[in-house]
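Numbered from 1 within each chain, the chains take letters A, B, ... in sequence-line order.
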Amino acid sequence: MSIPTAAAAEPVIRVAGLHKAYGETRAVDGVSFEVQAGTIFGLLGPNGAGKTTTVEVLEGLREPDRGEVRVLGVDAVRDPDRLKPRIGVSLQTAALYPKLTVVEVLDLFRGFYHLGGRSTDELISLMDLGEKRTTRTQNLSGGQRQRLSVALALVNDPELVFLDEPTTGMDPAARRALWDVVLGLRSAGRTVLLTTHYLEEAEVLCDRVAIMDHGHILEEGTVEELVSRRFKERAVRFDTIDGLPEERLARMPGVASVKHEDGDTLLYTRDVAGTIGAVLDAAEGLGVEPANLGVRRATLEDVFLDLTGRALRD
Amino acid sequence: MRPLLLLTVANIKSFTRDRAALFWTLAFPLIFVLLFGSIFTGGSSERSIGFADLDGTPASGQLKGAFAALWNLKIVDGTEDELLASMKKGDVVAVIIVPEGYSQTVAAKAGPANLTVYTDPSQSGADATTRQLVGFVLSAVNQAVAGVPPAVEPSFKPIQTNDLTFISYLVPSILGMSLMQVGIFASVPLVADRQKLILKRLQATPLRRWQLVGSNVLMRLLIAIVQTAIIVGVGSALYHVQVAGSWLLIGGLILLGSLAFIALGYVIASFAKTEDAANGMTSVVQFPLMFLSGTFFPIDAMPDALKTVARALPLTYLGDGLRQVMVDGTPFSPLWVCFAVLAVWLVACFGIAARFFKWQ
Ligand SMILES: Nc1ncnc2c1ncn2[C@@H]1O[C@H](COP(=O)(O)OP(=O)(O)O)[C@@H](O)[C@H]1O
Ligand SMILES: [Mg+2]
């Protein structure tokens, strides 16, 4: 799976055969991947896929049942203390001292690392928390807490940043601002591993993504690769028409596969014009008009749907 | 050290901003001291001594005069039985019986006349004072009878032990109880921090566990010092309670006791999953400690089964040790036993917590 051109440099993260079970639940069931320096890597998957478990093993916070985990050249399982000064972590649930203010929490965490890193003021302006400087964290909104949590992950200006669902609870403007911060980290040569269940987030940010479900990585690669590997076709979509049988749809010109999602019908086709014509004919035969008829390129969403048979956002 | 100190400061800030926690930790012992102080110091601070004069001669009258001339001392007359009854009620602290034939024995110089003095050794302060007083008066009488002029004449001044009352015993008891609470209630913020994933987040930084535990202990010790200052300060300001023994020993007991109870708090935190559970479990642990450790009820008055329990509890030994050092109280155990038992509790709790405490 390693990329020949990058083979000389050791990857920043190398996970091989990672397993972690909680009783009967196999949270992570044989996960392997690599992350190269200076890239943004996305772990994508629905709730319960095993993303958090995987990330927290890499952060040295959970012990796996087995598997090899090297992060920044360090064995993250046996030697987490050597790793900690060099990484930044934002947990899925922002963990903050409720009675301390934004500035106090940042100053406290800065104090855990050797001098250097980023100044509190710099982080506050980076994460746009200026108005909340002296607000106790218990009085922050969900999005603000999340931003503070990301700021805390950056206090030591780490080589590698882990962001577990960093944009959950953020409004669209804040989300876009965070995307800029993450892209800025890459420009500065840092490596980022983020988890998300927002596909467009992965499409915008990630150099490579791994799609996870039920503790497995189903597919891994660049967004382009994942889409084109599966879909030479484009998708014709319309509101599902009752009485239009699956077999009939599958037999339409150019159609490679048929999916249903939330009341939509998706036809992946190599012959867009022919497919649309056939849909219109069929609808006319039933005496209806296809609603919201449209065409789009396949996206990660389609990849996910194709891989798992369900939409990512339930 | 820097991370440890920063974390300690952060903990103190969190603590002082939590009004309820602040109130209970600082006001609670204060309320206890004031409450018990007002109960047990009610009435005059005059010391009363019963005096049963079975001789009834001028010589015995003189003896009575010698006692009455002493500072702050009120002489209560009565029969032996009456006076012993009122001593049991606490109306008089001691009873002196002058036997029949006292004056003859003295006048004939026919050997020492025998005074009977009842004191209560469990009220060791009062006991000691009475012994002093009696010894003092009798040596003066002996000198006078022997016709030797006194080489040294004391001037009569109140000694501090004079003001010793039941509150003197309560101050170290309440101090011990407060230290116990400060220690075991370490469990609650600890479990809260774990529940809020703060401990997990800290684990992702270079902060070491010993620094985390160290800051926790440091903060608790600071609270313990503040509480000691409040309790001893109020005791001495309002009730003139004096600290008799060495502050070094007191400090040693406070340190060891606090550490043992903090470790017990960690044990509780090892088994409590939520903040509420920690609160509940800590309260459940605190009550038997409070009531079976001789703080409010003397252990000797307990049924045998409870006595056995009391002898195993750490607060029994912290309270006993503090009472011994602070008021020279009657020991329940020698002081080294107090230290040893607390050390055993510390080591045992530390071991259990090290085995079962989870950071996530
Ligand atoms: N500490 C835990 N104890 C028990 N089960 C857990 C624990 N952590 C995760 N799991 C289970 O493991 C699975 C994967 O969880 P997680 O890694 O949090 O997934 P994701 O982050 O993708 O939502 C879920 O079924 C979850 O319930
Ligand atoms: Mg998760």
Side-chain angles (χ1 to χ4, degrees), chain A residues 22 52-53 55-63 71 76 80-101 103-115 117 134 136-139 145 148-150 152-156 158 160-164, chain B residues 1-25 185-186 188-216 218-219 223 273-276 278-279 355 357-360:
Chain A
Y22 294 103
T52 297
T53 306
V55 167
E56 290 187 354
V57 169
L58 300 184
E59 292 161 351
L61 299 180
R62 297 198 204 192
E63 265 197 56
V71 179
D81 285 343
R82 278 179 55 208
L83 193 58
K84 284 166 187 174
R86 299 170 63 193
I87 61 172
V89 169
S90 171
L91 299 177
Q92 181 170 352
T93 313
L96 305 167
Y97 285 95
K99 304 268 178 216
L100 298 188
T101 68
V103 170
E104 286 170 342
V105 174
L106 281 165
D107 283 343
L108 174 65
F109 273 71
R110 276 169 45 77
F112 296 154
Y113 298 88
H114 287 298
L115 298 177
T134 54
R136 291 188 189 174
T137 68
Q138 64 189 1
N139 299 326
R145 299 165 65 83
L148 179 54
S149 177
V150 173
L152 289 174
L154 303 179
V155 289
N156 55 332
L160 171 62
V161 186
F162 293 96
L163 304 175
D164 197 354
Chain B
M1 267 327 255
R2 201 169 86 97
L4 191 156
L5 294 178
L6 286 171
L7 199 56
T8 307
V9 172
N11 282 335
I12 290 172
K13 279 182 187 160
S14 293
F15 174 73
T16 53
R17 287 172 193 176
D18 184 347
R19 294 285 148 78
L22 194 62
F23 175 81
W24 286 114
T25 336
F185 272 98
V188 177
L190 196 62
V191 172
D193 283 0
R194 178 174 57 203
Q195 210 183 348
K196 293 188 191 101
L197 301 181
I198 291 173
L199 295 188
K200 182 170 173 179
R201 181 62 186 86
L202 292 177
Q203 225 192 323
T205 73
L207 186 79
R208 300 298 164 95
R209 286 179 181 180
W210 68 264
Q211 294 174 316
L212 181 62
V213 175
S215 78
N216 218 314
L218 193 57
M219 187 189 79
I223 300 175
K273 293 222 158 51
T274 64
E275 189 176 349
D276 287 343
N279 240 320
R355 167 77 181 74
F357 187 81
K358 294 249 173 3
W359 299 84
Q360 301 177 19

Worksheet item: Are side-chain heavy atoms of A/Leu108 and B/Lys13 found at a separation under 4.5 Å?
Response: no
Fill in: Heavy-atom closest contact (A/Gly111 atom, B/Pro3 atom, distance)
O-CG, 3.8 Å
Fill in: chain A interface, residue from B/Leu6, B/Leu197, B/Ile198 that has the most non-hydrogen pairs under 4.5 Å
B/Ile198
Worksheet item: Given that the side chain runs from C-beta out, which part of B/Gln211 has a heavy atom under 4.5 Å from chain A: side chain, backbone, both or neither?
Response: neither
Worksheet item: Which atoms of B/Asp193 come close to chain A, meaning under 4.5 Å heavy atom to heavy atom: side chain ones, backbone ones, both, or neither?
Response: side chain
Worksheet item: Distance-only, no hydrogens or angles: does the B/Arg201 side chain make a donor-acceptor pair with backbone N or O of A/Val89 under 3.5 Å?
Response: yes
Practice prompt. Using ring pair (Phe, Tyr, Trp, His ring centres under 6.0 Å) as the criterion, list what pairs up with A/Phe109, not counting sequence neighbours.
Written response: A/Phe112
Worksheet item: Which pair of heavy atoms, one from B/Arg2 and one from A/Leu115, lies closest together, and at what distance?
Response: NH2-CD2, 3.6 Å
Worksheet, complete the sentence: If one checks every heavy atom of B/Leu199 against chain A at 4.5 Å, the contacting part turns out to be neither
Worksheet item: Side chain, backbone, both or neither: which part of A/Arg136 has a heavy atom under 4.5 Å from chain B?
Response: side chain
Worksheet item: Where on A/Glu104 is there a heavy atom nearer than 4.5 Å to chain B: the side chain, the backbone, both, or neither?
Response: side chain
Fill in: Heavy-atom pair with the smallest gap, counting every atom of A/Pro85 and B/Pro206
CA-CG, 3.7 Å
Practice prompt. Could you grab the distance from atom CD of B/Gln203 to atom CG of A/Leu91, nearest 0.5 Å is fine?
Written response: 10.0 Å
Worksheet item: Taking atom OG1 of A/Thr137 and atom NZ of B/Lys196, what is their separation to the nearest 0.5 Å?
Response: 9.0 Å
Item to complete: Test A/Asp81 against B/Arg208 for side chain to side chain contact (heavy atoms under 4.5 Å, CB included), laying out the working first.
Response: CA-CA 9 Å; A/Asp81 285 343; B/Arg208 300 298 164 95; 4.0 Å; yes
Worksheet item: Where does A/Leu96 contact chain B at under 4.5 Å (heavy atoms): side chain, backbone, both or neither?
Response: backbone
Practice prompt. Check whether more than 12 heavy atoms from other residues, nucleotides or ligands sit under 6.0 Å from atom CD of A/Glu63, and answer yes or no.
Written response: no
